[in-house]
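Here's the structure, in structure tokens; my notes come after.
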Protein chains: 2
Amino acid sequence: MTAPRPNPAPTRARRTTIYDLAVLVGASPTAVSAVLNGTWKKRRISASLAERITRTAEEQGYALNLQASGLRREKSRLIGMIVPKYDNRYFGSIVERFEAMARSRDLFPIITCTMRDPALEIQAAREMISHQVDCLIATGATDPDRITAICEGAGVRSLNLDLPGSLAPSVISDNFGGALALTRRILAASASQRHRGEPIPFIGGRASDHNTSERIRGFRAAHDEAGIAVDEAMILATGYAPERAITALADLAARRGALPRAIFVNSTIALEGVLHWTRSTGHFGAMAPHVGCFDWDPLAAILTENIVMVQQDVPAMLEALFGLIDAGTPPPGVSEIPTHFAAPPFPPVAEGP
Amino acid sequence: MTAPRPNPAPTRARRTTIYDLAVLVGASPTAVSAVLNGTWKKRRISASLAERITRTAEEQGYALNLQASGLRREKSRLIGMIVPKYDNRYFGSIVERFEAMARSRDLFPIITCTMRDPALEIQAAREMISHQVDCLIATGATDPDRITAICEGAGVRSLNLDLPGSLAPSVISDNFGGALALTRRILAASASQRHRGEPIPFIGGRASDHNTSERIRGFRAAHDEAGIAVDEAMILATGYAPERAITALADLAARRGALPRAIFVNSTIALEGVLHWTRSTGHFGAMAPHVGCFDWDPLAAILTENIVMVQQDVPAMLEALFGLIDAGTPPPGVSEIPTHFAAPPFPPVAEGP
DNA sequence: ACCTCATGCTACATCGGTTGAGCAGGAGGG
DNA sequence: CCCTCCTGCTCAACCGATGTAGCATGAGGT
């Protein structure tokens, strides 16, 4: 029998370090480090040694320990983002694009989804700070200023996206302008089917959140232009659950005796509820209301009659966001990015003769 | 005038460390560390000192440096996941649930989306290893075994989700069973409208990927049961772009002179193309084909006539996944999780009398 | 008075890179 | 022949937290 080893564990081969490589090539750890992180030219390492080191590192499958590297450099090359949900195309495309742009700047993106839970937003922000992110983006946060304050205390830069804060720079959509244009469009489209001076309802979102209140402002402005008074009862900002949109719409239809001929819907999630209700109560085909949706989803665009969707300009928003990031420490302030009507998702099908 | 300071930078207040706290409370850094990470009870620190340290840490807004902590402990409490896309509800819900479950285990989830790009998958895996993740989940990866091999070289555990590999444990859906049940259902629903022995087309996905080939197997098995031969020309695994589904469907309809009465659609992305084409060519209402979709989206469910959607059981899949993670180092092997038909997204609307 | 032991804390090495300072040796100039 | 400079490398400190070993102090026993 062999003598018991001091460490009888399965010796799960420790990760290769620069020290291992240094021994292998017969050089100092310093040289290895310098070669592998690209600073070797200004450290006067010969090309031949560099070549040997690079080759050995590759052979050994060496992977830099970014934890150690970040600790020493006192920055992590990590960029954090918190996002409310992954259940819609808007946040999905924000995240996809954010990752691509971060990566192209040699930053590693860390994204966490907070389920619209304010406590989780704070917790996630703290965790990211502990992981030493160099910068934190709060997307659609319920209390962006709180997050900015926490970041400030830790010396971490922060920026807001989608919902603005007052303490950090913010990039958001032109919610007022988009809602104004959208409301104009569906008012015009439904004009012949509405009574003179009859307003349309606004469904979804929370009146307390900046975006919804700006959209309501744009919605009202379009009505004003058209000389239509908007009764408070037409503003149904019942939150982000589709079920709430259903009951709100049912109540409204019951109160008025009929479904309005046009509806402003504030998100694709509310749209789920709205379309479920209109469909299942027989409002399709000629009966389908004109729907203006402040948000975009390709399936909704394909499958709904009389729908106009406003798409937020995610590429431009992220361009602006990274513009601010690259600019160092810009002052607080809100950049509003114009929205546009969604183009048809596919070119029309060419029919044979 | 004041003398120039050696460091005239804006002195962006350095982060508080345990050393700062040690000075403030008049104790050693060791004591501070022990108190803050909870090991202080077995280290015989008095409750009063612990209380003072905790209070001071809070006052100073101290945030642990997990980079340093991870370096020393030689593990990071980081768990990585790579995901192909954020453009559908399936991966969205996987990510949301993964994050919640990781967090409940006191792991910090790092998720990165690879845009179905094999090179990016490898790059992302390497980056995560450099960040010292304790475990890496490859979701829907094109070459899971390559990722497993890279992880193995670095001593990092890895698991596959959604698409199986042979070198690491995998959790996937029962694609065969789901496709079999789905095909049975739409064959039955469309029986009276199809010619005797007429097969239906299969659209979307890549025949080279495991899930698609299993679904094709289930699709064929259901046809076999019904005594229907499946012509190779009915298998249109044209990839993940909706445009490809459109042209495939148009070609098929042109070849046959009419649109089939039922269609098996392999993803919501392909569904976009299919529904765009059927809608814009007038196939709705009574003309709408029966659609069986192996994937789920609430808007599609609400808006499409004659659709049956198979939903993958994300909660069960992640339960199984974390079961494997918690189990230590399980052997390679594939766990297949049953799928189910999607329930209606909302209860039917109650109509007044 | 002396030994033992528990209590409450501190000292120090360490994790894996990074960085400023510095050393050896040869070339070149005066 | 000496001094300077350049090239090509190494040394040692350090980033912040953690775990092991160990040092005072006082209580209790004999």
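Order of the sequence lines fixes the chain letters, A, B, ..., with proteins taken first and strands second; residue numbering starts at 1 for each chain.
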Rounded to the nearest angstrom, tell me the gap between atom [atom1] in [X] and atom [atom2] in [N].
X      : N      : atom1 : atom2 : value
B/Q132 : D/dG16 : CD    : P     : 19 Å
B/L66  : C/dC15 : CG    : C1'   : 15 Å
A/L36  : C/dT19 : CG    : P     : 14 Å
A/W40  : D/dC9  : CH2   : P     : 10 Å
B/R73  : D/dG16 : CZ    : C1'   : 13 Å
B/I45  : D/dT18 : CD1   : C1'   : 13 Å
A/R43  : C/dT18 : CZ    : C1'   : 8 Å
B/I129 : C/dG16 : CD1   : P     : 16 Å

Quick check: on DNA chain C, is the nucleotide nearest A/T39 upstream (toward 5') of the one nearest B/R72, or the reverse? Name the residue that is more 5'.
B/R72

Closest to the 5' end of DNA chain C, once B/L71 and B/S48 are matched to their nearest nucleotides, is B/S48

Please report the shortest heavy-atom distance between B/L318 and B/I94, naming the atom on each side.
CD1-O, 3.4 Å

Please report the shortest heavy-atom distance between A/I82 and A/A138, naming the atom on each side.
CG1-CA, 3.8 Å

Classify [X] by what it touches in the nucleic acid, base, sugar-phosphate, or nothing, heavy-atom distance under 4.0 Å.
X     : result
A/A34 : nothing
B/L64 : sugar-phosphate
A/S69 : sugar-phosphate
B/S33 : base
A/L49 : sugar-phosphate

Would one find a side-chain N or O of [X] under 4.0 angstrom from OP1 or OP2 of [N]?
X     : N      : result
B/S46 : C/dC9  : yes
B/T30 : C/dC12 : no
A/N37 : C/dT18 : yes
B/S28 : C/dT10 : yes

Start at the 5' end of DNA chain D and walk down; is the nucleotide closest to A/R44 or to A/Y19 reached first?
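Closest to the 5' end, via its nearest nucleotide, is A/R44.
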
Are A/R146 and A/E121 close enough for a salt bridge, meaning some N to O gap below 4.0 Å?
no

Ignoring hydrogens and geometry beyond distance, is a side-chain donor-acceptor pair present between A/D162 and A/Y90 at under 3.5 Å?
yes

Under a 4.5 Å cut-off applied to non-hydrogen side-chain atoms, are A/I172 and A/H210 in contact?
yes

